[in-house]
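Values reported hereafter were calculated over all heavy atoms of this structure, with side chains retained and with hydrogens, waters and symmetry mates removed.
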Amino acid sequence: MFDRYSIFSLARNALSSHQNWPRAWRNPAPRRRYAAIIVGGGGHGLATAYYLAREYGIRDVAVLERGLIGLGNSGRNTTIVRSNYLWDASAQLYEHSLKIWERLSREINYNVMFSQRGVLNLAHDAHGLRELRRRVEANRLNGIDSEILSTAQVQRQVPALNCAPDARYPILGASFQRRGGVARHDALVWGLARAVDALGIDIIQHCEVTAIRQAGGRIIGVDTSRGPIDARTVGVAVAGHSSVLAHMAGFRLPLQSHPLQAFVSEPIKPVLDTVVMSNTVHVYVSQSDKGELVVGAGMDGYKSYSQRGSFPIVEATVNALVELFPSFRRLKMLRQWAGIVDVAPDASPIISRTPVGGLYFNCGWGTGGFKATPGSGHVFAHLLATGEPHPLGEPFTLDRFVTGALVDEHGAAAVAH
Ligand code: FAD
Ligand code: PYC
């Protein structure tokens, strides 16, 4: 029920063109010098800044964002959160993040709408089922909740799914992580921004880093569209633009940038209360609180910095969706968009020192970094604050591309690469 005050307040704010809305975070001008700079105002950059201040007391920090915070992949993803990765190193890193998700709304006093509705990964052939079983067993050894569901259990969980034995892609079973789910991506960004700002860190939007200044093999600052800024520690978290920033610093990263698309349908009544993913059929879907189906697909195969994506992916994805959910056939799709994802050869992230002293990169999260946002920020903040990798981040340094100790997570990536 609304009381009189809230009705007036609602009307005043609705009619004021946002004039009366208090700012959720400040809009400071950049200073000439900071102890540390974070480049990239997506979730990873903001989470890093948050933990730098909260855990290490480092508050003389600026987050530099070339556009508006959250308008990169952090605001373009399909919000799936899970930790069911195959290898110990990744399972532990993503589980670290999932545990933070479970307390994050309380921690930052902002509802990030984390909904643990479970994530299903479907198997359509014997090989796929074997792979899922292997991953489920590996997850359990790492203390991660993960189970195999039979076809009948899958059907009970998702009545709208076509589990008929004569389906084009028959469902032989699925893995299920009940603690997985979805969150509200813009709430994550806004909540982190508010928390970061309250800790005294400057979030500077419309401030593009255009050059990385170095002296004697170490970083001394960056040039930006709003002037030069000095700092002896710089952390870069720019996702699809990581190679561009590395080029500015004079080295190359083992990354490729590809468009990754998603769509939402017109809103419908509640029909799907879990996340369904199929790597074989190349589609995944969940239903948002507004009722829209949020649908995603495999990556576009070509390298590009255009946030658009190509039509063949739209066509293949919608076909796949209808194969799995025949009753969605008559739905209209409302919006389509793409983000630029930075993919490493082993489909695992890079959280690392670089050849330039004081310059650190957090990248390579590719198609799967939303779920990792708080954990990644926590681990990256440790690296920036101490100069040493966090124990959970150690397997993810650039060294692995020299030693060969790759962490191949293509099978768990959920999105076909
Ligand atoms: P971003 O949010 O992209 O932030 C980087 C920021 O850096 C941007 O705001 C950009 O403007 C800024 N920047 C770039 N260059 C500069 C510069 N020179 N100067 C200053 N700022 C700069 N992951 C999941 O776990 N689950 C999912 O369901 C999922 N679905 C996805 C669906 C789609 C369609 C896409 C595109 C991605 C999906 N992902 C998913 C991946 C996930 O979105 C990303 O891994 C994650 O959001 C990356 O966050 P970030 O903060 O590193 O990057
Ligand atoms: O990593 O779980 C994931 C994911 C789902 C959709 C895109 N990425």
Whether the side chain of [X] engages the backbone of [Y] through a donor-acceptor N/O pair (distance < 3.5 Å, no angle test) should be reported.
{"X": "Gln261", "Y": "Ser310", "result": "yes"}
{"X": "Ser146", "Y": "Gln177", "result": "no"}
{"X": "Trp25", "Y": "Ile203", "result": "no"}
{"X": "Ser74", "Y": "Gly42", "result": "no"}
{"X": "Gln287", "Y": "Val271", "result": "yes"}
{"X": "Ser225", "Y": "Glu208", "result": "yes"}
{"X": "Ser83", "Y": "Leu98", "result": "no"}
{"X": "Asn73", "Y": "Ile340", "result": "yes"}
{"X": "Asp197", "Y": "Arg26", "result": "yes"}
{"X": "Glu65", "Y": "Gly67", "result": "yes"}

TODO: For salt bridge (Lys or Arg N to Asp or Glu O under 4.0 Å), just list the numbers for Glu323 and Arg329, CA-CA rounded to whole Å, side-chain angles, deciding distance to a tenth of an Å, and then say yes or no.
DONE: CA-CA 9 Å; Glu323 288 286 347; Arg329 178 167 282 118; over 6 Å; no
NZ/NE/NH1/NH2 to OD/OE distance under 4.0 Å, [X] and [Y]:
{"X": "Glu131", "Y": "Arg135", "value": "no"}
{"X": "Glu266", "Y": "Arg330", "value": "no"}
{"X": "Arg178", "Y": "Asp145", "value": "no"}
{"X": "Arg400", "Y": "Asp346", "value": "yes"}

If you define the side chain from C-beta out and look only at heavy atoms, does anything of [X] sit under 4.5 Å from [Y]?
{"X": "Arg194", "Y": "Asn109", "answer": "yes"}
{"X": "Phe370", "Y": "Val81", "answer": "yes"}
{"X": "Leu245", "Y": "Ile212", "answer": "yes"}
{"X": "Arg82", "Y": "Lys371", "answer": "yes"}
{"X": "Leu149", "Y": "Glu147", "answer": "yes"}
{"X": "Thr48", "Y": "Val63", "answer": "no"}
{"X": "Leu93", "Y": "Pro349", "answer": "yes"}
{"X": "Tyr51", "Y": "Val379", "answer": "no"}

Taking atom [atom1] of [X] and atom [atom2] of [Y], what is their separation to the nearest 0.5 Å?
{"X": "Leu52", "Y": "His382", "atom1": "CG", "atom2": "NE2", "value": "11.5 Å"}
{"X": "Tyr56", "Y": "Thr386", "atom1": "OH", "atom2": "OG1", "value": "6.0 Å"}
{"X": "Ile38", "Y": "Ile201", "atom1": "CD1", "atom2": "CD1", "value": "7.5 Å"}
{"X": "Trp337", "Y": "Asn77", "atom1": "CH2", "atom2": "CG", "value": "9.0 Å"}
{"X": "Ser376", "Y": "His96", "atom1": "OG", "atom2": "NE2", "value": "9.5 Å"}
{"X": "Tyr34", "Y": "Ile229", "atom1": "OH", "atom2": "CD1", "value": "6.0 Å"}

Side chains of [X] and [Y], donor plus acceptor under 3.5 Å:
{"X": "Ser306", "Y": "Ser304", "answer": "yes"}
{"X": "Tyr302", "Y": "Gln256", "answer": "no"}
{"X": "His127", "Y": "Asp125", "answer": "no"}
{"X": "His378", "Y": "Glu55", "answer": "yes"}
{"X": "Thr78", "Y": "Tyr284", "answer": "yes"}
{"X": "His185", "Y": "Thr79", "answer": "no"}
{"X": "Asp88", "Y": "Asn142", "answer": "yes"}
{"X": "Ser90", "Y": "Glu409", "answer": "yes"}
{"X": "Thr210", "Y": "Asp223", "answer": "no"}

Open item on the list: Quick check: closest heavy atoms across His124 and Val281, and the distance to 0.1 Å?
Closed with: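 In this case the closest contact between His124 and Val281 is NE2-CG2, 3.4 Å.
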- [ ] Check whether the ring centres of His241 and Tyr305 lie less than 6.0 Å apart, and answer yes or no.
- [x]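 Ring-ring flag for His241/Tyr305: true, centres closer than 6.0 Å.
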TODO: May I ask you to check whether Phe380 and Phe361 place their ring centres under 6.0 Å from each other?
DONE: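 So the answer is no for these two rings.
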Open item on the list: Which residue in the set Asn362, Ile350, Asp342 passes side chain to side chain contact (heavy atoms under 4.5 Å, CB included) when paired with Ser242?
Closed with: Asp342
- [ ] Test Ile108 against Leu104 for side chain to side chain contact (heavy atoms under 4.5 Å, CB included), laying out the working first.
- [x] CA-CA 6 Å; Ile108 60 176; Leu104 190 63; 4.2 Å; yes
Open item on the list: With a sphere of 6.0 Å drawn around CZ of Arg32, does it hold more than 12 non-hydrogen atoms of other residues, nucleotides or ligands?
Closed with: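 Yes.
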Task: Arg103 atom CZ: more than 12 heavy-atom contacts under 6.0 Å - done: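 For Arg103, atom CZ is crowded (more than 12 foreign heavy atoms under 6.0 Å).
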Task: Pair Asp273-Arg117, salt bridge (Lys or Arg N to Asp or Glu O under 4.0 Å): steps then yes or no - done: CA-CA 6 Å; Asp273 64 359; Arg117 60 185 63 182; over 6 Å; no
- [ ] Could you check Asp230, Asp202, Asp60 and say which one makes a salt bridge (Lys or Arg N to Asp or Glu O under 4.0 Å) with Arg33?
- [x] Asp230
Task: Charged tip of Arg106 within 45° of Trp101 ring normal and under 6.0 Å - done: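 Pair Arg106/Trp101 does not count as cation-pi.
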Task: Stepwise side chain to side chain contact (heavy atoms under 4.5 Å, CB included) test for Leu321 and Val285 - done: CA-CA 8 Å; Leu321 181 68; Val285 56; 4.0 Å; yes
Task: Residue pair Arg133, Glu137: steps toward the salt bridge (Lys or Arg N to Asp or Glu O under 4.0 Å) verdict - done: CA-CA 6 Å; Arg133 278 192 203 289; Glu137 295 304 333; over 6 Å; no
Open item on the list: Evaluate Leu406 against Ser348 for side chain to side chain contact (heavy atoms under 4.5 Å, CB included), listing each step before the verdict.
Closed with: CA-CA 8 Å; Leu406 301 182; Ser348 280; over 6 Å; no
TODO: Could you walk me through whether Leu199 and Tyr50 pass side chain to side chain contact (heavy atoms under 4.5 Å, CB included), step by step?
DONE: CA-CA 8 Å; Leu199 288 163; Tyr50 172 67; 3.6 Å; yes
